[in-house]
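All of these numbers come straight from a predicted model, not from anything done at the bench. So you know, we letter chains A, B, ... as the sequences are listed, proteins then strands, and number each from 1.
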Amino acid sequence: MQHNHDNFLYPYKTKLVGMVVAGISLGMLIFHYAITPIILVASKDASVNGNYFHLVLIVALYVIMNSREKIEDERIVFIRGKALIVAYRCIMILILPGFLASTLVDGVSSIPTSSFSTKILVYASFISYFTSFYMSFYFDKDLTSSNYTSFQYELRKKGYIHWFYILLGIGFLTYHFFTK
Amino acid sequence: MRNTIRVERAKLGISQEELAKHVNVSRQTINAIERDKFIPSTILALKIARFFKVAVEEIFVLEESD
C-alpha cells in the first residue's frame, strides 16, 4: 500500500530555487526602499514602484510553500494542513472586521482592495503559514490545537476570546473613521 | 497513546536517523512519535513494528485517556 504525499507539490529542488529568488528579491526590496528617498530627491518626478520586487517575492514564497520537503512524510503533510488552517484564519481575521466596518459605516459591503491592503493580506498569510509550519516542524508546537498553553487557549479558557474579537473590530472601525 | 520505540531502539542500538531511513520518514518524525507529539498512521505503525519484529500492540499502547 502506497501513500502519495506529493500531490500538487513542486519538487524539493524548486523550493531551493524559490528560497534563493526570495532572498534576492527581499534584498532588492530592502535596497529599493533604502534608495527610494535618494532617487526622489534627485529627480522630483521619478516614478518609483517596488511592486515588481513584491511580485517576485510573493511568487517565490508561493513556490516555497507549495514545494516538497527533503523527506516528505505523513507528519509533513499533517503540519502543512494545519499551517494552511492557520493562514486561512489569519486572512479571515484580517478581512472580516474591515468588511464589517465598511458595511456598518457606509452601508456598503466592500472588502478593502487597495494594493497596500492586498499586500498586507498576502504577506500576513505567508508569515502565519511559515510560522505555523516551522514551529510544528522543528518544535512540535501546534498553533491550531487547544491542548497547548497558547495565548489563544488562555483567552478561551478564561472566556475572554469574545473581547479579543470585539477589540479587534473596534480597532478596525476606529482605523476606518480616521483614514476616511 | 504511549509507545516504546525508544526502548526498542536502545535494544537494537540504533539511532532515530537509522530507524527513520528504514521506514522512509524524517528523523524529526521519529522524534515526534517517540515524544508522543505525533500519532503515526496505521501503515507507519505497522512498518515500525515490522522493523522491530514485534506486534504493533507491543510498541503502541492505548492509555486510559485515549
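In this structure, A:V21 is not a member of the same hydrophobic cluster as A:V63, with clusters built from ILVMFWY side-chain heavy atoms closer than 4.5 Å. When the side chains of ILVMFWY residues are joined at heavy-atom separations under 4.5 Å, either directly or via intervening members, B:M1 and A:F78 end up in a single hydrophobic cluster. Note on A:Y123 and A:M19: same hydrophobic cluster, where clusters join Ile, Leu, Val, Met, Phe, Trp and Tyr whose side-chain heavy atoms are under 4.5 Å apart, directly or indirectly. A:M28 and A:V56 are not part of a single hydrophobic cluster, where members link through side-chain heavy atoms under 4.5 Å apart.
For chain B, the nearby part of A:Y138 is the side chain; its heavy atoms alone come within less than 4.5 Å.
The environment of CZ in B:R50 is sparse: at most 12 heavy-atom neighbours from other residues, nucleotides or ligands sit within 6.0 Å. In the displayed structure, B:I39 atom CD1 is contacted under 6.0 Å by at most 12 heavy atoms of other residues, nucleotides or ligands. Counting heavy atoms of neighbouring residues, nucleotides and ligands inside a 6.0 Å radius, atom OH of A:Y62 does not exceed 12 of them.
Atom CZ in A:R75 sits 8.5 Å away from atom CD1 in B:I33 (nearest 0.5 Å).
By a heavy-atom distance cut of under 4.5 Å, B:N24, B:V25, B:S26, B:Q28, B:T29 are the residues of residues 17-29 of chain B near chain A, going up by number.
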